[in-house]
Amino acid sequence: MSTLVIVESPTKAKTIRNYLPAGYQVEASMGHVRDLPRSASEIPPDVKGEKWAQLGVNPEADFAPLYIIPSDKKKVVKTLKDALRQADELVLATDEDREGESISWHLLQVLNPKVPTRRMVFHEITQEAIQAALNNCRDIDDQLVHAQETRRILDRLVGYTLSPLLWKKIAGGLSAGRVQSVAVKLVVAREKERRAFRRGSYWDLKATLLKEQSSFEAKLYALGGTRLATGSDFDEATGRIAEGRQVVLLDEAQARQLQERLQTGVWTVSNLEERPNTRKPSPPFTTSTLQQEANRKLRLSARDTMRVAQNLYEQGYITYMRTDSVHLSQQAIEAARSCVAAKYGTEYLSPKPRQYATKTKGAQEAHEAIRPAGSTFRTPNETGLTGREAALYDLIWKRTVASQMAEARQTNITAAIEVEDALFRATGKRIDFPGFFRAYVEGSDDPNAAIEDQEVLLPALKTGDGLTCADVAAIGHETQPPARYTEAALVKVLESEGIGRPSTYATVIGTIIDRGYVRLVNNSLIPTFTAFAVTTLLEQNFPDLVDVRFTARMEQTLDDISTGEVDWLPYLRAFYAGDEGLEQQVHERESQIDPTAARTVLLNDLEAKVRIGRYGPYIEIDHGEESVRASIPADVPPADLDEEQIERIIKQKIEGPDKVGLHPETGEPIYLRIGPYGPYVQLGESSDDNPNPKRASLPKGMQPEDVTVETAVGLLTLPRTLGTHPETGAVIKAGQGRFGPYILHDQGKEGRDYRSLKADDDVLTVTLDRALELLAQPKGGRGRKKAEPLKELGNHPDDGEAIAVFNGPYGPYVKHGKINASVPEGVEIDTITLEQALGWIGAKASGKAAKTKKAKAGTSKTSTAKTGRPKTSTTKTGRTARSGSTARTTKTAAANKASGTRQTAKTTAKKPSTTKTTKPRKADSSKPQEPTAEADFP
């Protein structure tokens with residue numbers, strides 16, 4: 001008897017194959033084999049004329065979805081069908097969550113097996129777990145399928161109904177989504193808080209005191225019996241002390257005067273307080289807490305964290321990585337406690353096994369927490385993992401083990417010190433027993449170093465002790481605006497508010513970055529002016545869809561559908577159809593929304609208007625009887641745009657660029673200009689004879705007003721030659737690129753070796769000796785690390801060079817030598833095969849060769865180019881891709897319990913249609929764009 005087992009990815013298939021008995025064949029479905037149309041070209045010809053076709057869902061037929069088999073999955077489906085013909089039994093072993101259940105259901109519909117079929121689920125890939133799963137197979141869970149399908153349909157309805165409105169009213173290529181738009185609103189709201197913020201200033205004193213040659217610091221706490229003002233006492237809207245606060249506010253003059261007066265005073269310990277406390281370890285990781293901590297500690301994005309975690313799970317290193325639960329099985333608890341006893345000693349074990357309760361809104365206890373797989377935990381050194389996989393596994397191992405360790409015991413010490421009418425406070429912390437700190441400290445990479453950092457020891461003090469004042473310093477402070485969201489902070493808020501589900505956060509954050517709503521700068525999420533415009537339009541016209549509480553209630557309803565408490569069809573009807581439904585709301589408001597007003601961003605305290613144009617945001621201001629428009633540099637955040645910047649930008653537009661001076665050698669004028677990427681200097685005028693004059697950007701941190709003729713000449717001479725390398729004889733240069741100043745060791749055909757200059761280095765004055773010192777350092781020591789592959793696919797059959805998947809600024813791509821080929825939109829990283837990659841690389845190489853040939857031939861437009869013949873694109877086999885569908889149209893949606901089927905809109909593709917396999921750089925507003933799984937945008 002032979003059994004066919006189907007999982008999602010080749011990696012998972014390879015791992016699970018080791019734990020199955022003889023006679024089991026394992027194949028990968030490469031994710032979903034069937035989905036809603038991703039673009040207009042995938043809509044089958046016989047329904048293209050239907051008004052609901054582009055939506056991919058038929059609201060008039062009980063929201064029946066139009067499922068098609070994408071062209072890149074047809075070969076996969078054929079392989080699975082061929083394997084099924086040789087099998088006596090089918091086992092569907094996709095992931096145990098809603099998405100995995102949906103994949104299994106779609107496989108069942110597409111393959112239509114004539115042999116017995118079972119559903120096999122497990123939360124870790126180990127020998128014991130696979131055997132237990134084989135012995136406890138079940139049927140497909142219809143409620144989970146309905147829950148996933150309802151989410152998918154709901155996301156499609158929101159995205160594909162609202163996004164065309166944004167294209168018409170603001171700009172093409174924009175998108176709206178059920179969770180995405182709320183996430184953007186949160187980031188925009190924080191930026192508005194920063195813009196409304198008014199800075200306040202205050203001063204305090206810090207004393208360095210001595211007790212028997214042991215020094216410690218104390219800060220001024222009160223003066224004349226009244227507490228000293230700190231940053232928390234200020235009103236962020238005014239920059240002044242908040243109303244009702246009884247505090248003393250010192251300015252610089254008062255602080256200096258007090259400093260001088262107290263320097264010679266008598267310092268005495270007036271009170272000493274010790275407060276013992278304990279700290280419990282954090283629970284094991286859930287999906288969201290793993291994303292948060294990986295972002296804080298490893299600087300991984302939510303998307304990268306989930307990719308790495310998926311690889312670890314599929315290789316059998318950790319349990320399933322999409323979970324809301326902090327629960328640990330008895331097996332896991334015993335394994336963790338064994339690790340603690342072996343590595344740290346029994347005194348570091350918690351007195352009894354520790355379990356945690358999940359407190360997150362809408363959490364589902366379907367799985368365990370994320371932990372090392374198996375009945376015994378491999379230590380990070382025993383895994384043989386490297387790079388990001390090793391770092392993430394280490395994080396998971398430490399967090400899990402720490403959860404079963406003893407509490408940390410510490411004592412907080414506060415000493416009150418009086419001098420004249422001033423009261424100072426010195427605080428210390430003594431760690432009496434490190435407990436779980438030995439293994440894991442949240443937010444820290446090195447637990448032992450973190451223990452040392454947390455412990456602040458004071459000398460032995462007692463009430464009445466006299467102290468010697470070594471120094472008193474007056475220190476000025478300014479209040480700071482609310483911090484922008486990091487990915488970790490945004491994930492935490494989304495989860496705490498019950499918006500979306502942790503499994504979708506990585507996709508949502510990746511989407512708002514990819515779509516240009518948010519820029520990721522130094523781990524901070526900065527909204528764009530476009531995000532402001534879209535959020536304002538949605539708030540004014542569809543307030544519920546960006547309301548945090550409404551979205552959280554919607555999420556809860558979707559969870560209730562998965563448990564059978566709510567019927568999916570009436571819910572979809574109420575949301576989308578009828579006089580109050582989304583469809584009617586969009587129809588009514590479309591004529592009421594003024595495009596000019598929608599493209600205008602109103603900012604407090606600015607007379608100029610900020611508008612969204614075809615090429616980005618720009619300023620529009622009245623100048624006499626005319627209006628002047630000027631682009632806003634891309635790196636200016638909305639919170640930081642002020643009148644001074646606007647005046648400089650408009651002045652350049654009206655009067656032309658500022659003239660720095662004349663070049664000392666050529667006599668040409670040197671101008672200071674502001675472009676879309678910031679200020680730069682330019683040598684001479686742009687003319688027909690000189691269309692591209694020499695230009696150089698200002699180094700980071702250099703202000704336009706600080707630019708002199710000497711500085712400008714230096715920048716315009718870059719890159720400058722420093723000398724030759726003593727070993728290779730090759731030229732060494734200093735220059736400036738898009739990522740900042742650098743050193744280049746140019747060995748011609750042997751290659752180029754770059755090093756970034758440090759913050760203290762000046763590209764205009766750096767010496768050859770300093771350049772050689774930097775070049776002697778390994779590349780890993782630079783600010784930018786060498787890109788690590790997301791997935792290694794194998795070697796090219798022609799030259800044996802490695803082929804791998806990488807993440808780039810425009811999305812994932814496959815790399816072979818010097819050829820980079822974009823991964824088509826919607827293709828999951830984990831499903832990419834070597835064969836697919838070879839096709840994309842071959843197409844890219846052919847395209848490059850054709851361009852080179854055309855350039856060499858110096859061709860121009862010919863009569864052939866004017867025929868208007870439509871372009872077609874082919875699949876890697878050279879045949880035109882065909883749309884496919886396996887759904888059927890019906891007015892009812894009753895579930896068939898025997899097969900777990902749900903009736904859907906069916907159509908059979910009769911004519912071939914072309915599908916584009918290159919990844920678009922910008923969405924085409926003339927047709928819908930398809931989201932990836934678990935996303936909610938078109």
Colleague: Look at R152 together with D155 and state whether they make a salt bridge at an N to O cut-off of under 4.0 Å.
Modeller: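 Judged by the 4.0 Å cut-off on N to carboxylate O distance, R152 and D155 do not form a salt bridge.
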Colleague: Parallel, tilted or perpendicular: which fits the ring planes of Y313 and Y320, with parallel below 30° and perpendicular above 60°?
Modeller: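 Correct class here is perpendicular.
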Colleague: Between the side chains of D544 and R553, is the shortest nitrogen-to-carboxylate-oxygen separation below 4.0 Å, so that they form an ion pair?
Modeller: no
Colleague: Within the structure provided, determine whether N311 and V308 are in side-chain contact (heavy-atom separation under 4.5 Å).
Modeller: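 Not touching, per the 4.5 Å side-chain cut-off.
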Colleague: Does some side-chain heavy atom of T535 sit less than 4.5 Å from a side-chain heavy atom of V546?
Modeller: no
Colleague: Between R190 and Y485, is NZ or CZ placed under 6.0 angstrom from the six-membered ring centre and within 45° of the ring axis?
Modeller: yes
Colleague: To the closest 0.5 Å, what do you measure between CZ (R299) and CG (N523)?
Modeller: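 Between R299 CZ and N523 CG, I get 4.5 Å after rounding to 0.5 Å.
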Colleague: Run the salt-bridge test on R98 and E101 with the 4.0 Å N-O cut-off and return the result as yes or no.
Modeller: no
Colleague: Does the Q292 side chain pair with the main chain of A302, one donor and one acceptor, at a distance under 3.5 Å?
Modeller: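 No, because the side chain of Q292 does not come within donor-acceptor range (under 3.5 Å) of the backbone of A302.
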Colleague: Nearest 0.5 Å, what's the CG-CD distance between L298 and E293?
Modeller: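 L298 CG to E293 CD: 8.5 Å, rounded to 0.5 Å.
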Colleague: Between E555 and R151, does any NZ, NE, NH1 or NH2 come within less than 4.0 Å of an OD or OE carboxylate oxygen?
Modeller: yes
Colleague: Describe, in one word, how the ring planes of Y202 and H477 are oriented to each other, choosing from parallel (under 30°), tilted (30 to 60°) and perpendicular (over 60°).
Modeller: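 Geometry flag for H477 against Y202: parallel rings.
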Colleague: Flag the pair E236 and R198 as a salt bridge only when some basic side-chain nitrogen lies within less than 4.0 angstrom of an acidic carboxylate oxygen.
Modeller: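 Looking at R198 together with E236, the answer is no, because their closest N to O distance does not fall below 4.0 Å.
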Colleague: Measure from the ring center of Y348 to the ring center of F436 and say whether it is less than 6.0 Å.
Modeller: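 No, too far apart.
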